[in-house]
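For the single chain, residues carry numbers from 1 onward in sequence order. Ligands are counted one by one from 1 in listed order, and the atoms in each one are counted from 1 as well.
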Amino acid sequence: MKVLKFGGTSVANAQNIKLVLDIVINQAQKEKLVVVVSALSKVTDLLQQASLKAAANDESYKEVVADIEKKHLDALKELIPVSEQSGLLSHIKRIINHLETILDGCFLLGELSARTSDTILSFGELLSSYVIAEALKQNLKNSGYKDSRELIKTNTNFGKAAVNFDITNPLITDYFASNEAQVVVMPGFIASSVDGISTTLGRGGSDYTAAIIAGAVNATELEIWTDVNGMFTANPKIVKQAQPIATISYQEAMELSHFGAKVLYPPTIQPVLRKNIPIHIKNTFEPRAEGTYISNKVTSSANPVKGISHIDNITLITLEGPGMIGVSGSSKRLFEVLSQANINVIFITQASSEHSICIGILTDDAEVAENAINKGFEIEILQNKIDPCIVEKNLCIIALVGENMKNYQGLSGKMFSTLGKNNVNIRAIAQGASERNISAVINEKDVKKALNTLHERFFEDNTKQLNLFVMGVGNVGEKFIEQIHQQRKFLKDNLKINLRVIALSNSRKMYFDEDGISLKDWQALLENGEAANKEAFIEKVKECNLRNSIFVDITANAAVADTYAQFLKESIAVVTCNKIACSSAFENYKNLKSLSRKYNAPFLFETNVGAGLPIIDTVKNLIASGDKVNKIQAVLSGSLNFIFNNFDENHSFHDVVKEAGVQGFTEPDPKIDLSGIDVARKILILIRESGYQMEIEDIENQSFLPAACMETTNNDDFFQSLIQHAAHFEALLAEAKQKDSRLKFVAQFENGKASVGLQFIPKDHPFYNLEGKDNIVLFFTERYVDQPLLIKGAGAGAAVTASGIFADVIRIGNV
Ligand code: ADP
Ligand code: ASP
Ligand code: MG
């Protein structure tokens with residue numbers, strides 16, 4: 001004989017019940033079955049709602065009852081031929097009338113006892129089992145029905161009654177011994193006291209009903225049919241990457257369910273474990289899926305961690321004070337106080353100093369516990385020997401579970417460092433005595449991030465998810481997104497990096513999608529997004545609270561540069577091509593660097609100098625390996641290089657600058673490039689990265705622009721001034737010709753001094769042949785003395801800049 005249990009979603013409506021009937025009829029051909037059913041999805045909640053409303057004198061409980069009635073009538077009408085409906089419909093109406101009478105009583109008395117509450121809740125399973133048994137009879141004549149209350153006997157701890165197995169087991173065995181039906185349908189969750197009063201086994205308790213029956217009849221197997229493909233490595237509703245666990249031991253399953261894996265009600269294991277009956281968790285909506293097989297076989301797998309679960313609504317209560325030290329009786333007293341108040345302690349940690357003791361309980365119990373403890377230690381509190389207890393709410397417990405974890409070293413280290421890296425604050429640690437779990441208490445707001453990070457760390461083959469929040473989607477930003485779109489699969493397959501764009505913003509609009517923005521149609525999504533607002537953007541990034549978050553600044557905006565500190569403080573990495581922050585006051589630059597270290601959040605800006613060329617990374621490596629930069633010589637402006645490479649007898653200076661603008665090589669305001677400010681910022685950043693302290697004012701800027709050009713206040717006037725001063729530029733060109741050299745705008749650093757300015761570069765100099773919009777940097781260091789370290793290549797352009805940003809993002813992924 002086999003016992004099958006179908007949960008609330010599996011029997012939610014006629015359509016689902018038909019799937020259940022298919023499964024049952026199919027299996028009934030092979031052997032006898034007991035089919036235990038839950039209430040229709042949400043009905044137990046509705047019954048609870050109705051009872052509370054009635055007791056609170058709120059008449060709308062009648063509407064709730066009408067809703068419950070409709071659900072069952074609708075289901076029945078669809079499952080039973082019209083000709084046979086009338087008797088059954090009136091039976092349902094009779095049950096509903098009975099329910100309503102009890103609720104009317106609560107309403108009149110304004111009262112709801114635990115006993116009445118159980119009677120009311122029992123209607124959910126009574127109704128569902130009736131509908132399903134009748135529907136089954138239509139297809140399988142030899143099927144029957146049995147009210148579980150006649151077989152399962154409990155004490156009167158209403159709400160979560162304890163089963164009396166001595167009475168229950170023989171009742172079940174006797175009943176089935178003489179029962180001929182091929183299939184017997186039974187309501188889950190409900191039972192009765194020895195004198196016949198309805199009780200319930202606790203929310204989610206239908207699993208337990210099925211296990212009690214399976215244990216008593218010595219079933220070959222207990223099948224739990226639910227709405228997911230088995231017991232998963234983590235709650236699949238919270239962790240998208242979670243996978244069903246193929247096989248798991250009773251103990252592991254028990255531990256996972258105790259720590260919140262709702263798919264199995266924790267007491268379910270006990271009755272079947274004793275008889276060694278395997279539990280098979282299956283999906284009603286995907287019956288072909290393998291599901292999870294729970295048995296006493298410990299299967300060895302490479303991964304010692306079997307699953308991760310969590311319990312919400314935890315409160316931490318700490319009792320401390322000098323009076324706790326050395327007083328061996330204080331913990332004993334604490335637990336006595338709690339036990340008298342009927343409080344279930346979920347975990348305990350005691351500081352080794354004995355100065356304090358900390359317990360974790362359900363938040364629903366917090367108020368009672370707090371009062372009981374403060375009362376119990378009243379005298380010590382009055383004498384200031386012990387402080388009134390400290391209560392911290394909004395916490396949750398997360399637990400790693402696995403039979404073999406005890407044989408592996410370093411798992412807890414891995415767990416806590418993974419959480420720490422993602423800024424998940426750990427409030428307390430508890431290692432279960434069974435050594436089958438390691439658990440930690442964290443803030444409720446971090447639970448999604450914590451579960452996902454841990455899942456990634458322990459189950460996802462080291463794949464790392466990076467979550468990008470991108471501000472600025474102009475030329476470079478657009479290319480960046482294109483590159484991500486194109487490379488996503490490659491990164492996943494080869495670098496184990498799962499790159500997701502969570503937010504996009506330009507100056508007008510912003511758009512968020514926590515599941516990752518579809519990069520196929522991001523433009524349209526952004527266009528239909530909400531109005532851009534920098535503060536709201538930052539708040540939303542924080543709210544998302546995703547692991548490995550990276551803020552990517554692809555603007556040239558000073559206000560955006562001002563936001564980096566806020567991100568770094570939340571352990572959110574910053575990648576930027578915006579030079580403003582790193583070339584601002586040294587204090588600010590230093591502060592950002594130290595925040596980055598303190599909060600373990602990378603701050604990368606490779607594209608601040610030489611676009612995609614690996615210049616800053618090279619300096620960092622030189623310094624890290626103990627080298628010292630003595631001198632830097634560089635051509636760092638792609639736009640100025642383009643201009644001076646194209647300026648000749650046939651092309652006027654004015655025309656060449658115009659052309660550079662058209663091709664997108666200059667800033668919108670070309671004076672920023674031509675004045676040398678941009679180059680000064682770049683050399684300043686290189687100097688700082690080389691370990692020197694310097695301010696932008698310390699850099700000598702030998703401008704080649706006539707004063708009148710510098711003084712213009714708009715682009716038109718500026719271009720006009722270039723025409724007016726054409727002779728000045730032609731003279732520079734002539735001088736270069738005469739010296740057999742080329743004009744290059746060079747940045748230089750030596751002996752603690754830095755300058756930027758136009759130079760006549762002779763033929764034998766490495767800068768002479770610098771083509772197009774290329775950049776070049778020479779580093780003269782302690783190790784590179786005669787022959788400098790040289791980096792050269794395209795130093796401007798949207799595609800190369802985007803790829804530089806991309807490289808920074810990948811650097812973070814590889815950490
Ligand atoms: P039923 O009504 O069938 O008894 P439940 O809602 O009680 O179903 O349990 C199934 C649900 O448990 C799943 O839909 C899922 O949201 C949740 N769940 C939580 N943790 C896990 C886990 N580790 N594996 C599978 N499901 C889980
Ligand atoms: N219907 C009950 C509940 O919702 C029991 C169950 O579904 O297992 O808690
Ligand atoms: Mg359940």
Side-chain angles (χ1 to χ4, degrees), residues 4-12 16-17 19-20 23 36-49 68 71 117-118 120-129 148 159-161 186-191 199-212 222-246 248 252-268 279 281-286 289 291-292 294 305-312 396 398-402 447-448 451 454-455 459:
L4 278 61
K5 178 259 168 176
F6 292 90
T9 322
S10 304
V11 298
N16 295 3
I17 293 175
L19 299 176
V20 169
I23 294 166
V36 174
V37 295
S38 286
L40 269 56
S41 176
K42 303 272 164 8
V43 167
T44 313
D45 289 340
L46 290 175
L47 287 163
Q48 195 165 24
Q49 242 180 54
I68 295 173
K71 276 181 197 288
S117 170
D118 265 12
I120 294 170
L121 294 194
S122 71
F123 280 82
E125 268 71 8
L126 287 175
L127 285 161
S128 67
S129 57
S148 312
K160 197 174 180 181
M186 296 178 72
F189 181 53
I190 61 175
T199 57
T200 62
L201 302 176
R203 293 303 305 270
S206 297
D207 298 341
Y208 190 32
T209 306
I212 294 165
L222 166 60
E223 288 184 354
I224 303 283
W225 288 83
T226 182
D227 55 3
V228 285
N229 281 347
M231 192 167 226
F232 278 60
T233 45
N235 184 343
K237 299 244 162 75
I238 306 180
V239 179
K240 294 247 158 58
Q241 322 285 340
Q243 292 293 326
I245 304 167
I248 187 167
E252 288 170 324
M254 190 140 57
E255 205 87 7
L256 276 175
S257 71
H258 267 295
F259 277 98
K262 186 188 167 216
V263 66
L264 200 65
Y265 183 53
T268 306
I279 305 176
I281 303 184
K282 299 273 290 173
N283 188 349
T284 305
F285 307 95
E286 231 186 293
T292 297
I294 307 173
V305 183
K306 264 292 165 64
I308 307 167
S309 50
H310 77 286
I311 311 177
D312 286 326
C396 79
I398 42 172
L400 291 191
V401 170
V447 72
K448 188 171 166 200
L451 288 174
L454 290 176
H455 194 270
F459 291 102

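Atoms of ligand 1 lying under 4.0 Å from any heavy atom of Thr226, numbered from 1 in the order shown and given with element: 1 (P), 3 (O), 8 (O), 10 (C). Within ligand 1, counting atoms from 1 as listed, the ones closer than 4.0 Å to a heavy atom of Ala234 are 23 (N). Here is the list of ligand 2 atoms found below 4.0 Å of a heavy atom in Phe189: 2 (C), 5 (C). Applying the 4.0 Å criterion to heavy atoms of Met231 picks out, from ligand 1, the atoms 24 (N). Close approach to Arg203 involves these atoms of ligand 2, each under 4.0 Å from a residue heavy atom: 3 (C), 4 (O), 9 (O).
Using 4.0 Å as the threshold, Gly124 has no heavy atom nearer than that to any atom of ligand 2. Contact analysis puts Gly204 in contact with ligand 2, with a non-hydrogen atom separation below 4.0 angstrom.
Of the polar atoms of Asp207, none of the N or O atoms is found under 3.5 Å from an N or O of ligand 1, judged by distance alone. Checked by distance only, ligand 1 and Gly8 come closer than 3.5 Å through their nitrogen or oxygen atoms. Some N or O of Lys237 is nearer than 3.5 Å to an N or O of ligand 1, by distance alone. Residue-to-ligand polar distances keep Ser10 apart from ligand 1: every N/O pair is separated by 3.5 Å or more. Inclusion of Lys262 in the set of residues having an N or O under 3.5 Å from an N or O of ligand 1 is warranted. Residue Phe232 has at least one N or O atom closer than 3.5 Å to an N or O atom of ligand 1.
One N or O on the side chain of Ser128 and one on the backbone of Ser38 form a donor-acceptor pair closer than 3.5 Å.
In this structure the side chain of Thr284 reaches within 4.5 angstrom of the side chain of Ile23, judged on heavy atoms. In this structure, Val43 and Leu127 have side chains that are not in contact, with every pair of non-hydrogen atoms separated by 4.5 Å or more. Proximity of Trp225 to Asn283: side-chain heavy atoms (C-beta onward) are nowhere separated by under 4.5 Å.
The protein heavy-atom contact nearest to atom 27 (C) of ligand 1 is Pro236 CD, 3.6 Å. For atom 7 (O) of ligand 2, the nearest protein heavy atom (residue, atom name, distance) is Ser38 OG, 3.1 Å. In terms of protein heavy-atom proximity, atom 11 (C) of ligand 1 is nearest to Asp227 OD1, 4.0 Å. Looking only at heavy atoms of the protein, atom 4 (O) of ligand 1 is closest to Lys5 NZ, 3.0 Å. In terms of protein heavy-atom proximity, atom 6 (C) of ligand 2 is closest to Ser206 OG, 3.3 Å.
Taken to the nearest 0.5 Å, the OG1 atom of Thr233 stands 10.5 Å off from the CG atom of Leu451. Distance check: His258 NE2 to Ser309 OG gives 10.5 Å after rounding to the nearest 0.5 Å. Note that CG of Leu201 and OH of Tyr265 are 7.0 Å apart. Values are rounded to the nearest 0.5 Å. Atom-to-atom distance recorded for Leu46:CG and Leu40:CG is 10.0 Å, nearest 0.5 angstrom. From Lys282, atom NZ reaches atom CG of Asn229 across 8.5 Å, with rounding to the nearest 0.5 Å.
Of the charged side-chain nitrogens involved, none lies within less than 4.0 Å of a carboxylate oxygen, so that Lys262 and Asp207 do not count as a salt-bridged pair.
Across Glu125, Gln48, Lys5, heavy-atom proximity to atom 1 (N) of ligand 2 is greatest for Glu125. For atom 15 (C) of ligand 1, the nearest non-hydrogen atom from the set Val263, Asn235, Val11, Thr292 belongs to Asn235. The closest non-hydrogen atom to atom 25 (C) of ligand 1, taken over Ser257, Gly230, Gly307, comes from Gly230.
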Salt bridge (Lys or Arg N to Asp or Glu O under 4.0 Å) for Asp45 and Arg203? Distances and angles first, verdict last. CA-CA 10 Å; Asp45 289 340; Arg203 293 303 305 270; 2.9 Å; yes
Stepwise, does the side chain to side chain contact (heavy atoms under 4.5 Å, CB included) test hold for Glu223 with Lys5?
CA-CA 6 Å; Glu223 288 184 354; Lys5 178 259 168 176; over 6 Å; no
- prompt: So His310 and Ile238, side chain to side chain contact (heavy atoms under 4.5 Å, CB included) or not? Walk me through it.
  reply: CA-CA 11 Å; His310 77 286; Ile238 306 180; 3.5 Å; yes
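Neither the backbone nor the side chain of Gln243 has a heavy atom within less than 4.0 Å of ligand 1.
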